[in-house]
Every structure is written in C-alpha cells, then in structure tokens.
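Just so we're clear, the structure is a prediction, and the values are computed from it rather than from any experiment. When a ligand or atom number is given, it counts from 1 through the structure's own listing order.
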Amino acid sequence: TLIPPAPTRSAAKPVKPGSVNAPEGADPRVVAWVASVAELTEPADIVWADGTPEEYQRLIDIMLEAGTIVPVPKRPNSYLARSHPDDVARMESRTFICAEDADDAGPTNNWRDPASMRQVLGGLFDGSMRGRTMYVIPFSMGPVGGPISKLGIEITDSPYVVASMHAMTRVGTAALEAMRGTTDWVPAVHSIGAPLAEGEQDVAWPCNSTRYISHFPETREIWSFGSAYGGNALLAKKCFALRIASVQARDEGWLAEHMLLLRMKHEDGRVMHLAGAFPSACGKTNLAMLQPTIPGWKVETLGDDIVWMRPGEDGRLWAINPENGFFGVAPGTSEKTNATAMAMMEHDTIFTNVALTADGDVWWEGMTKEAPEGLIDWQGRPYDPANGPAAHPNARFTVRAEQAPSIAPDWEEAVPLDAIIFGGRRPTQVPLVLQARDWEHGVYVGSTVSSQQTAAAEGTVGEIRRDPFAMLPFCGYNMGDYFSHWIDMGHRLGRHAPKIFSVNWFRRDADGGFLWPGFGENARVLEWIAGRVAGTAAGVDTAIGIMPAEGSLNLEGLDLDAEVVDELFEIDPKAWLTELVDVEAFFGQFGHALPTGLVRQLNHVRWRLEHV
Ligand code: PEP
Ligand code: NA
Ligand code: MN
C-alpha cells in the first residue's frame, strides 16, 4: 500500500463531491485528493471544517464528551487538555525530510528515500481512521488572498487539532474557495493512528507510539502519524510554514523564518519593524509582547514564532506573520515576565498539560513563586513534587492573536522590515548587542547562532549547541544552500536590506547571576537598534561587529555599575578564537554547499581577533 500522490494540474478520475461530503464548488482536484485519503484511511465519517464559531463549539462539546478536555471554570470559554504522557513535544528524531536526493535534505536533517517512505506510511495510514471522523481543514497562512499568503489543507482525525487550527490559522470556506482553479496549496495529512473498533471504548488522548512526521519537499506534501501534540500535529505551523515553506521560499525568492515580528514606535513618530530569530525557550513570545521601561516607546505585537518575508516592488523586504494565533510555552509566563500574555489568556484559551488549582484555575511553574495548595498536576494527579513539576515543562496555551492586548491593529498587513536580530542563551562571551558590518556578515552571525541547552530538552544542560538562524529543526532543505539563499537575498535587496544584529540577554557574572535585567529593559537595546537604523546612534567597529559607542545605549534610570556594563560588552579574544574552531567544524559538515561568503567572514573575524 502507498500513500496517494499530491494533486496535480490534471486531476485523476473525477469524484462526486457528495461521496466525500465536499461543499458545493470545491475544486475537483481537492475533492479527488480527499477521496484518495479517505479510501486509504477508511474513516467512519467526513466533515469539512468551515471555521465558524458554531463549529468550534461543536468541537469543544465533542472533546468534553470524550474527556480530551476539561473546563477551566475561572476563565470563560477556556479548557485544559491533558495529553498522553508520552506525547508532549515535537519529536525531532521522528521528523523526516524525504527529498529525492539525500544532499537536498543536507547533513542536519533526517533524510529518508521518498519512495520507501510512501510505502511505510501507506502501511500505517491504511485503515488508520476506522471508527473515527476525518476532518478536512482548508486553511490560509496569512490573510486569504494576501500577497505573501499560502493555502493548505490539513486532513486529521483529531478534534483537538481542528480546534487548535481554528486559533492558529484562517480556517474555512474562503480558503477553500481560493483553491478553485489552482493546485498551489499544500496537502497535509495527519492521523493519530488509533482506529476504533466497533463498540470499542475511546481514551481521552488517543495516539500511537509509532511516529512519523514526514515532509516531501519536492511535491510539497506533509504526512504525520502517531502524535497529536503541537508541531507534530498542527501541520500548518512548523511542518508547512517553516519546513515546506522554506523550500517554496528558496524556489520562489523569499524567506520563511523562525522569528518573532514586532513594531516599536515612539510618541515622536519614530517607527521600527523588527524580526528576531531565537531558539526555543529564549523568550521570543516575551520580546514580541514587551512593555518598554523607557518613556515614549511602545511595542506592538505582530507575531511570536514565524515570519514570511518577500522583497516588494519598492525593493524593501516586506514581512507577515502567517499565523492567526499563539501556541506558546506556559511555564515561566507570569505578570512579571509577560503581563500581556497573562491578560490574553484570561478567556477563550485552550491550555495543554498545565496544572489545575483547587478553585478551578490553571497554574504552572513560574506563574507565582509558591505552588498553591491542592494542585492537580498535568497528568490529573494530586500534585506531588516527587512526581516532577506540576505543569509539564512544554505545557502550552493556544489563543487567537486578536486576544493579545498588544496586538497591532493592522497586524494582518505586511510591514517593511528595518532590522533583523539573532539571539541565543549565552552565559559568556556574546555581548548584549552588536551590529553586523554588512549583510554578508549578518548571514554569518545568523549561521553561527548558538544557545545553551535548557533542562526542558534532552541533552547536557548548559552545553552550547549551534542552532543556525534558530532554524536547525525547521529548515526543509540543505542548510548550506539555505545560507546561500540568504546571501543571495542580500544582493537582491542591496541598500534596502534590513540591518542585522546579534543580541544576548543571558550573559552572567562570575557568581552566575544575570548581568542584564532583561524583559522590559530590553527596549533599551531595541532603541539603540532603531538609532542604528535611523543613523542617529553611534557605534564602534570591533573584531566581532559594531558595538554601542560610549553613551549611545540609553542606561538612564538603570541601576547598573560601570563594571557590569563593561562585562556586558567585554570581548575575550582567546575565547572567541576557540569558538571559531567550533564554528569551523560546524561549517565543515556542509562541504561544498557552504557559501564562500561565510568562509570569508569567518576568516575576517579570525584575522581581526588575532590583530586586536
Ligand atoms: C511546536 O511544537 O509547535 C512549537 C511551537 O515548537 P517550539 O515552541 O519549540 O518552536
Ligand atoms: Na485502506
Ligand atoms: Mn518556535
């Protein structure tokens, strides 16, 4: 058995729309493709999602009935889902790029031969939806018909996925209508892999321990089996908007990136649009919702996870957040770290794997200093620290973008980018902020992003790992080619190119304390970046990039000793030269795919460090 092919311009044999419950007027190729998936997976019923509030309520009722979710009484229209304890996060080891040629997947992806993967998946999906409803979700990333938008269809047998897609994408009839007369949409199939036999009792979170999150970049297909969690199952997000879209972006001359997007504006009329790439657990959501501590400035949120960017007719780089909501990590979120996020979750939120309080509210580590009495943990047990944290470290909230008090009123429109920042969690060495000398140097800075491993993930805590452009788990092709694509984009943009910066909020002193207060105070760094873009802030060229000139970073009202400021910007040439050995080894794996521009930049930085 094979999984069916992606739709092509000339449809296979026509299928009667009524036989798969298709809405009137659906493109015949959409209908034929849905029929081919139904024939393989054998669902009991087929429902086409229309994206209406009534449909959302029906999904909620189905999940309440099945025990997949429970109400959160303290928050209107809010629910808690408890997943299977082995289905709690994206699984990079089960994520595959099935390009015809292994070189096109590159050294940083798990490659599988597409023909044999089609066979493996064919066996798994055969009858995998028996006894369940198959949902067909037409969706748009970006507003339907927008100049940077893209269409897709996710088929799934999980009502939790459908409800989440309602928040995270634009679901429904308008997207389906936009697919008429075109095959430029991404087919994505998801099954939890838990068919129900006649009369069999269902469980609250059905899933399968065999898991495949498979991408076919050449034919733009996604097939995901076994998991119902986050990026494994909401296929519009990481699978489409990053892995498949990065390939589309390479072929079509644009960029699909793992970035936040914000507007920072001053009362006096200054405006800056900034995109920022940070690995997971480095505060993208917090930065996107930042409340500046310095007077006159305000931040408007545009997006917190994914940015699509395209050169416009004016030569500038225009950006959108293709998503429709936020799927954020709950632990660590508090009134202090992100009051905006706390406000947006007061109602109409789906929480997953958080703890419940005795009085019917949600709780997670970091929300308050002390855990309240009488907690129920994320697995539904009375909280006992011996069992680990009350909320799973990867517990999530899912909300619509419009619920964020900081959301820009025009957040669905494209914005012209002024600045791009790259950051990670670096306890030593990397200064608070520096500007890349030019675009090619900026691509070098992006390609060498690295971050400290956190306790939430596998690996040695504290170990520094390279995560170029924060895209290591999300680039759908060879990252060496990806670096070249970025360099080419700079040639195309020329003097209109956004300025590129590196930031590090996480540098520590000898006693392990953070040197920089972070959070709202990060607005000071953004202000300097805005000044560099406008040509008003002074900088000093150093071996590793341009740093703020004495007095150009606004530290007014901050109680920081001069030595602390010096430490925040200290460059240790010896440590940097050692780091370059690691960078060189990292680059080495890309072989001939590594652009010469990055080798040139590496050699330049090394020469400068040796001659300080
Ligand atoms: C996800 O699992 O879909 C997800 C958003 O992942 P991350 O937060 O690690 O980027
Ligand atoms: Na079948
Ligand atoms: Mn992310």
Criterion side chain to side chain contact (heavy atoms under 4.5 Å, CB included) on N394 and N353, from CA distance to verdict: CA-CA 8 Å; N394 193 38; N353 290 345; over 6 Å; no
For G231, the ligand 1 atoms whose distance to one of its heavy atoms is below 4.0 Å: 1 (C), 2 (O), 3 (O)
Heavy-atom donor-acceptor pair, S227 side chain to N232 backbone, under 3.5 Å: no
Note: E92-R90 ion pair, threshold 4.0 Å (strictly below): yes
Criterion salt bridge (charged side-chain N to carboxylate O under 4.0 Å, His left out) on K284 and D305, from CA distance to verdict: CA-CA 7 Å; K284 277 206 303 297; D305 196 43; 3.8 Å; yes
Identity and separation of the nearest protein heavy atom to atom 4 (C) of ligand 1: K238 CE, 3.3 Å
Metal proximity, K284 vs the Mn ion (ligand 3), N/O/S cut-off 2.8 Å: no
Test item: W439 side-chain N/O and W486 main-chain N/O as donor-acceptor pair under 3.5 Å: yes
Subset of ligand 1 atoms that lie under 4.0 Å from at least one heavy atom of K237: 3 (O), 5 (C)
Identity of the N, O or S atom of D305 lying closest to the Mn ion (ligand 3): OD1
Atoms in ligand 1 with a heavy atom of S280 nearer than 4.0 Å: 7 (P), 9 (O), 10 (O)
Identity of the nearest option to atom 2 (O) of ligand 1, non-hydrogen atoms only, from E323, R90, E92, K284: R90
Nearest heavy-atom neighbours spanning N324 and H166: ND2-O, 3.7 Å
